[in-house]
Asker: 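Take this structure first; my questions come after.
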Amino acid sequence: MSTTAASTSHHLSPAFPGRAPWGTASKLRAWQQGALDKYIQEQPRDFLAVATPGAGKTTFALTLASWLLHHHVVQQVTVVAPTEHLKKQWAEAAARVGIKLDPEYSAGPLGREYHGVAVTYAGVGVRPMLHRNRIEQRKTLVILDEIHHAGDSRSWGEACLEAFEPATRRLALTGTPFRSDTNPIPFVTYEEGNDGIRRSSADYTYGYGNALSDGVVRPVIFLSYSGNMRWRTKAGDEIAARLGEPMTKDAVSQAWRTALDPRGDWMPNVLRAADQRLSEVRKGIPDAGALVIAADQDSARAYAKLIREITGTKATVVLSDEAAASQRIEDFSGSDDRWMVAVRMVSEGVDVPRLAVGVYATTISTPLFFAQAVGRFVRSRRRGETASVFLPTIPMLLGFANEMEVERDHVLDKPKKDGEEENPYAEEEKLLEEAEKQQDEDTGDQDQLPFEALESDAVFDRVLYDGAEFGMQAHPGSAEEQDYLGIPGLLEPDQVQMLLQKRQAKQIAHSRKRPDTEADLLELPAERRPVVTHKELLELRKQLNSLVGAYAHQSGKPHGVIHTELRRVCGGPPSAEATAGQIRERIKKVQEWATRMR
């Protein structure tokens, strides 16, 4: 990596005073002091600070702004935030340290009582010259919060360059310095590695691993749920599959959508489990709250209705980035209400430190969004607090969960060979395209019917913690599931690990005593039940298509006819939706046919 690792100042307590929220701490955390010392020593025009969500980037930035204003290095401050809600949060945080920012600024001269403005990237995109003119008139510090958003569109990036090029100082902040595309981020330095690829270079980095060991963030327990899904495709075919089984990329997406459908049984069971987990956590953290991150407004409303039915209490619903939504988030943050349901806007930057339980109920599958979503639950207020996030057993999500401590840089170039490095699934997608070029059975018109989720159920699958996996499958409401939901909410990280190992050992011992006839679920520990990626599945499909091609040459039959015959003999859906086991059966069968012809 081309980042400068955090040099922790161990003479300072990393976690205290309290959470050091929003620029209100009387002294800084060790990483904040370390980053400030580095900045003051080097006095750079541009500085990129990468700190894990929940570490306190805002406190660091406002302390630095105060220092620069006090020493007359700058005369005013401009904060650029991703959303209207965050713009207001910045203004409130700045006011608490004596910096007055106008979050409603739109045009014209700034009121004399203000030290600067808080604006959004979208606002800068609309009127870049307005901000450039202001910055040219007085020496300005520009704070670019979650700067990866400046690469969201070419116009935003160009507008930021145009507006803030004359700034005296620029401070860029991010918790996730990587993007899934190669759009350059303004004012970020890129350095070329030995492989010829340019990657973002941070001036100071404080990763989740460091923050966890310092007690600045909570450890995260991921609880994954599998289950049987049944849906109807656009072609009218009914498909059944189990979450976590190897499937094509399309089938994974459709099974995932089916699980999140509020009319099935998966979501009610997972919400019920999450509410039980919340009750356990609240024994140690009395005001702990829970958040469902929903995919869309209809789903959010439906989940809120389910929560009302399950708990008997109303959930706060946040549907859009409007003034009323900001107020609802603020009200929820200051209350001790149990549940909030939101569409996307709470996934990044919004500060509700009492959130300790989450349900990831969206099909957004980028590492950036996942990291920001999980970041809503890791803000630590005192040592020993844990966070719990409920997930569907989707290989990609479990991969992200297992890589929580991996630090990433933004890759600017596409590698010349061996796939696209900035997309970890590029190789799999290439295999999928190659496999689909092979002639397969005719599935008919793909646009005849809308996709329809038909049925879902839930099965407790595993717990992921600190890169390890624990647990055997269990039915919702069973004693085995309760063992994991009942882990105390106040534990040190090593105690969490020890407790999970004990729970799994107990589950295995109980399983061994049970007659085989009662074993209706997979009776293997999680580490021996790896979730197969669709890359492995695509290799099987590739092998099947190669064998079908060879047999077609040998027998003179068309590819499509052979595929249809394999499906008739072995059963199951078209090979595009078949599981690994079904494809292996077809491979065996076509090998058997080829052997007979010799």
Side-chain angles (χ1 to χ4, degrees), residues 209 212 218-228 242-246 266 269-270 272-281 283-284 356-360 374 377-378 384-405 457-533:
L212 187 61
R218 298 167 178 155
V220 184
I221 302 167
F222 292 97
L223 298 102
S224 169
Y225 279 71
S226 177
N228 294 307
R242 190 177 187 85
L243 285 186
E245 284 186 351
W266 193 90
N269 277 307
V270 170
R272 193 172 288 110
D275 190 65
Q276 288 175 22
R277 178 75 192 130
L278 179 62
S279 293
E280 184 62 44
V281 170
K283 291 176 184 176
V357 175
V359 178
Y360 194 88
V374 173
F377 308 97
V378 301
E385 292 184 344
T386 59
S388 304
V389 177
F390 288 72
L391 304 169
T393 303
I394 300 294
M396 197 179 292
L397 294 187
L398 301 197
F400 297 159
N402 276 325
E403 294 169 3
M404 271 288 289
E405 296 184 29
D457 63 31
V459 170
F460 170 78
D461 188 49
R462 68 191 71 202
V463 172
L464 296 89
Y465 177 72
D466 194 24
E469 300 185 8
F470 306 88
M472 297 167 70
Q473 292 195 331
H475 290 292
S478 65
E480 289 84 0
E481 181 200 39
Q482 300 303 313
D483 275 350
Y484 293 99
L485 296 179
I487 292 168
L490 281 176
L491 286 174
E492 290 295 320
D494 57 335
Q495 293 175 315
V496 175
Q497 185 100 10
M498 186 176 64
L499 211 57
L500 287 169
Q501 287 168 344
K502 283 185 177 177
R503 294 286 199 268
Q504 178 166 279
K506 177 183 171 185
Q507 206 179 0
I508 291 169
H510 183 259
S511 169
R512 284 178 180 152
K513 294 176 187 173
R514 190 163 47 202
D516 289 346
T517 51
E518 291 181 20
D520 62 334
L521 294 171
L522 282 172
E523 296 285 296
L524 283 173
E527 71 269 15
R528 290 176 58 198
R529 291 186 284 110
V531 176
V532 181
T533 66

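Predicted, not measured: the structure shown is a model, and the values here were computed from it.
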Asker: Please list, chain by chain and in numerical order, all residues satisfying side chain to side chain donor-acceptor pair (under 3.5 Å) with S388, sequence neighbours excluded.
Answerer: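 Side chain to side chain donor-acceptor pair (under 3.5 Å) list for S388, sorted by chain: R277.
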
Asker: Could you tell me if the side chain of S226 sits less than 4.5 Å from the side chain of Q473, heavy atoms only?
Answerer: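 The answer is yes; the side chains approach within 4.5 Å.
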
Asker: Is there a side-chain contact between L499 and V496, using heavy atoms and a 4.5 Å cut-off?
Answerer: no

Asker: Between W266 and P392, is there a donor-acceptor pair closer than 3.5 Å when you use the side chain of the first and the backbone of the second?
Answerer: no

Asker: Which residues pass the side chain to side chain donor-acceptor pair (under 3.5 Å) test with T393, sequence neighbours left out?
Answerer: S224, D461

Asker: Could you report the tightest heavy-atom contact between V281 and A356, atom names first, then the distance?
Answerer: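 Looking at all heavy atoms of both residues, the shortest contact is CG1-CB, 4.1 Å.
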
Asker: Could you work out, with side chain to side chain donor-acceptor pair (under 3.5 Å) as the rule, every residue matching D457, not counting sequence neighbours?
Answerer: none

Asker: Determine the minimum heavy-atom distance between N269 and P476, stating which atoms define it.
Answerer: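 The answer is OD1-CB, 3.7 Å.
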
Asker: Show every salt bridge (charged side-chain N to carboxylate O under 4.0 Å, His left out) that has at least one partner inside residues 486-511, sequence neighbours left out.
Answerer: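 For residues 486-511: R383-E492, D483-K506.
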
Asker: Could you tell me which residues satisfy side-chain contact (heavy atoms from CB on, under 4.5 Å) with Q504, sequence neighbours excluded, listed by chain and number?
Answerer: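 Here the qualifying residues are F470, Y484, I508, P525, E527.
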
Asker: Partners of V389 by side-chain contact (heavy atoms from CB on, under 4.5 Å), sequence neighbours excluded?
Answerer: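 Partners of V389 under the side-chain contact (heavy atoms from CB on, under 4.5 Å) test: V220, F222, F377, L391.
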
Asker: So, the side chain of Q507 versus the backbone of M472: is there a donor-acceptor pair under 3.5 Å, distance only?
Answerer: yes

Asker: Looking at residues at least two apart in the chain, or sitting in another chain, which of them share a salt bridge (charged side-chain N to carboxylate O under 4.0 Å, His left out) with E385?
Answerer: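 Per chain and number, E385 pairs via salt bridge (charged side-chain N to carboxylate O under 4.0 Å, His left out) with R218, R381.
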
Asker: To the nearest 0.5 Å, what is the distance between CG on N228 and CG on L243?
Answerer: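 N228 atom CG to L243 atom CG measures 8.5 Å (nearest 0.5 Å).
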
Asker: Between Q482 and Q276, do the side chains contain a donor N or O and an acceptor N or O under 3.5 Å apart?
Answerer: yes

Asker: Sub-3.5 Å donor-acceptor pair from the side chain of E481 to the main-chain atoms of G477, do we have one?
Answerer: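 Yes, the answer is positive, given that a donor and an acceptor are paired below the 3.5 Å cut-off.
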
Asker: Tell me every residue that passes ring pair (Phe, Tyr, Trp, His ring centres under 6.0 Å) with Y465, counting only those two or more places apart in sequence or in another chain.
Answerer: none

Asker: Compare every heavy atom of A458 with every heavy atom of Y225, then report the nearest pair and how far apart it is.
Answerer: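 The answer is CD2-CB, 4.4 Å.
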
Asker: Are any non-hydrogen side-chain atoms of D466 and Q497 less than 4.5 angstrom apart?
Answerer: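 Yes; the side chains approach each other to less than 4.5 Å.
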
Asker: Looking at E280 and I487, what are the two nearest heavy atoms and their distance?
Answerer: CG-O, 3.5 Å

Asker: Would a 4.5 Å heavy-atom cut-off, applied to side chains only, mark T386 and L490 as touching?
Answerer: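 No - every pair of side-chain heavy atoms lies 4.5 Å or more apart.
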
Asker: Going by the rule side chain to side chain donor-acceptor pair (under 3.5 Å), which residues pair with Q501 if we only count those two or more places apart in sequence or in a different chain?
Answerer: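 In terms of side chain to side chain donor-acceptor pair (under 3.5 Å), with neighbours along the sequence ignored, Q501 is linked to no residue.
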
